[in-house]
Amino acid sequence: MSTELPSNKTIFSGIQPSGVLHIGNYLGAIQQWIALQDANDAIFCIVDEHAITVPYDPKTLPDRVLDVAATYIAAGIDPEKSIMFIQSHVSAHTELAWLLSTIAPYGNMSRMTQFKEKSKKLSSKDAISLALFSYPVLMAADILLYGTHVVPVGEDQKQHIELTRLLAERFNAQFGETFTIPEPYISQTSARIMSLADATKKMSKSDAEKSYIALTDSPSVIRKKIASAVTDTDTAFSFAKSGPAVKNLLAIYKAFSGKEEQEIEKEFEKKTYKEFKTALADTIIASLEPFQKKYNDIRSEDTELRLILGKGMHRAQGIANATLHQAKKNMGLI
Ligand code: TYM
């Protein structure tokens with residue numbers, strides 16, 4: 001993790017409600033959010049309009065949205081302090097996205113790796129929507145509406161934040177100073193948690209279940225998935241020298257245990273993969289236990305959750321509408 005934590009800044013980030021959340025989402029994003037929320041003004045969004053850019057089930061989407069909201073709170077987001085809201089509740093996001101799309105260079109848009117990867121996974125060319133292509137412009141709007149300084153995300157979102165910066169700079173140059181230029185904030189340890197089944201691919205909720213650990217997985221499922229995680233041919237526990245599969249497991253152990261690298265290397269110096277995996281599973285289970293208890297409590301009764309999201313919507317609208325108003329004025333829209 002970066003040594004210096006930003007303070008007195010505006011922080012913005014979001015997660016798509018497109019399926020079960022996994023430890024990659026937690027270690028790459030949410031864990032950093034929790035570390036940042038006390039000393040900063042933080043805004044956390046559930047980006048439902050991003051989740052509908054690929055085929056999805058409208059019947060289950062409402063539950064997925066509430067799952068993500070409950071995850072935020074159970075993981076430690078304090079809704080009294082930080083703003084938590086649903087993207088589609090603040091129409092300024094899609095409106096600003098349209099305005100920004102007028103200055104989004106087609107060449108840059110065509111180079112977005114997430115678009116290429118997601119397009120490849122879709123069953124036919126017809127399933128690739130214009131919204132999937134323009135997805136990064138909506139993400140730029142999310143960030144720019146709030147005068148965001150810092151965006152805590154995993155490594156895979158870096159390119160989108162670079163595009164956001166480019167759009168903000170272009171807009172400011174063309175229409176006058178309007179947007180703050182945001183910086184990504186990416187953890188050094190857990191920026192890219194890899195798949196348990198294939199250490200060359202990032203852990204992803206759209207891959208096979210055994211390749212990721214869901215935040216809601218039971219202890220026995222966690223043990224099974226860790227036991228079957230791929231390792232490398234020789235047993236060596238080194239953050240610098242182990243192969244990619246073991247490096248990934250070590251990074252997960254470090255992020256959950258909070259221990260130093262040297263301490264971990266020493267701890268497992270004379271141990272087998274089996275012993276390491278048992279310790280790793282124990283650590284993940286123990287870390288997730290309080291989260292899971294809180295999550296189940298929150299998720300069993302929606303009233304409170306919906307109230308929080310309603311309050312968040314009003315607070316977010318206040319900030320977003322003022323920025324949108326200014327952007328429209330600067331663009332010459334009356
Ligand atoms: P999403 O929903 O795919 O993922 C949410 C967050 O989890 C991080 N992440 C990972 N980090 C480490 N290792 C992994 N294997 C891993 N998988 C996912 C992601 O980097 C992300 O931080 N486009 C965004 C959502 C978004 C957004 C925004 C984020 C929309 N608007 C504005 C920040 C600001 C996305 O698809 O995240």
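Remember, it's 1-based here, ligands and their atoms both numbered in the order they're listed. This one's a predicted model, so the numbers in the text were calculated from it and none came from an experiment.
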With a 4.5 Å limit on heavy-atom distance, are the side chains of Glu261 and Ile264 in contact?
no

Lys/Arg N to Asp/Glu carboxylate O, Lys121 vs Asp207, below 4.0 Å
yes

Counting each atom of ligand 1 from 1 as listed, which ones have a heavy atom of His50 under 4.0 Å away?
30 (C), 31 (N)

Pair Asp232 + Lys241: basic N to acidic O under 4.0 Å:
no

Output yes when the distance from some N or O of ligand 1 to some N or O of Gly24 is under 3.5 Å, and no in every other case.
yes

Should one rank Gln157, His93, Lys205 by closest heavy-atom distance to atom 24 (C) of ligand 1, which comes out on top?
Gln157

Parallel, tilted or perpendicular: ring planes of Phe44 versus Tyr72, cut at 30 and 60 degrees
perpendicular

Is Lys259 salt-bridged to Glu267, cutoff N-O under 4.0 Å?
yes

Going by the order shown, which atoms of ligand 1 are within less than 4.0 Å of some heavy atom of Val151?
33 (C), 34 (C)

Relative to the ring of Phe276, is the ring of Phe237 parallel (under 30°), tilted (30 to 60°) or perpendicular (over 60°)?
tilted

Under the 6.0 Å and 45° cation-pi test, does Lys225 pair with Tyr212?
yes

Identify whether the distance between the nearest side-chain nitrogen and carboxylate oxygen of Arg192 and Asp156 falls below 4.0 Å.
no

For ligand 1, which atoms have a heavy atom of Phe12 less than 4.0 angstrom away?
32 (C), 34 (C)

Any salt bridge between Lys328 and Glu95, counting N to O under 4.0 Å?
yes

Short list, please: which atoms of ligand 1 are under 4.0 Å from a heavy atom of Arg192?
12 (C), 13 (N)

For atom 36 (O) of ligand 1, the closest protein heavy atom turns out to be Tyr135 OH, 2.6 Å

Nearest non-hydrogen protein atom to atom 31 (N) of ligand 1, with distance, is Asp142 OD2, 2.7 Å

Give yes or no for whether the N/O distance cutoff of 3.5 Å, strictly under, is met between Asn25 and ligand 1.
yes

Treating Ile, Leu, Val, Met, Phe, Trp and Tyr as nodes and any side-chain heavy-atom pair under 4.5 angstrom as an edge, say whether Leu163 and Leu145 lie in one connected cluster.
yes

Under 4.0 Å between a Lys/Arg side-chain N and an Asp/Glu carboxylate O for Arg64 and Asp67?
yes

Nearest non-hydrogen contact with atom 27 (C) of ligand 1 belongs to which option: Met139, Gln31, Glu49, Gln32?
Met139

Does only the side chain of Ile15 get under 4.0 Å from ligand 1, or the backbone, or both, or neither? Count heavy atoms.
both

Below 4.0 angstrom from a heavy atom of Gly28, which ligand 1 atoms are there? Numbered from 1 as shown, please.
11 (N), 12 (C)

Under 3.5 Å between any N/O of Gln16 and any N/O of ligand 1: does that happen in this structure?
yes

Between ligand 1 and Met194, is the shortest N or O to N or O distance under 3.5 Å?
no

Can you check which of Ala191, Ala140, Gly154 brings a heavy atom nearest to atom 12 (C) of ligand 1?
Ala191

Considering both backbone and side-chain atoms of Ile143, is one of its nitrogen or oxygen atoms within less than 3.5 Å of a nitrogen or oxygen in ligand 1?
no

By number and element, which atoms of ligand 1 are closer than 4.0 Å to a non-hydrogen atom of Ser190?
12 (C)

Could you check whether Gln37 and Ser82, counting side-chain N and O atoms only, form a donor-acceptor pair closer than 3.5 Å?
yes

Between His149 and Phe12, does the ring centroid distance fall short of 6.0 Å?
no

Restricting to heavy atoms, the pick from Val153, Asp156, Ile186 nearest atom 19 (C) of ligand 1 would be Asp156

In terms of residue, atom name and distance, what is the protein heavy atom nearest to atom 25 (C) of ligand 1?
Gly14 O, 3.6 Å

Numbering as shown, the atoms of ligand 1 that approach His22 to under 4.0 Å (heavy-atom distance):
17 (N)

Considering non-hydrogen atoms of the protein only, which is the closest contact for atom 13 (N) of ligand 1, and what is the distance?
Ile193 N, 2.8 Å

Can you name the atoms of ligand 1, numbered from 1 with element, that are less than 4.0 Å from a heavy atom of Ala29?
6 (C), 7 (O), 22 (O)

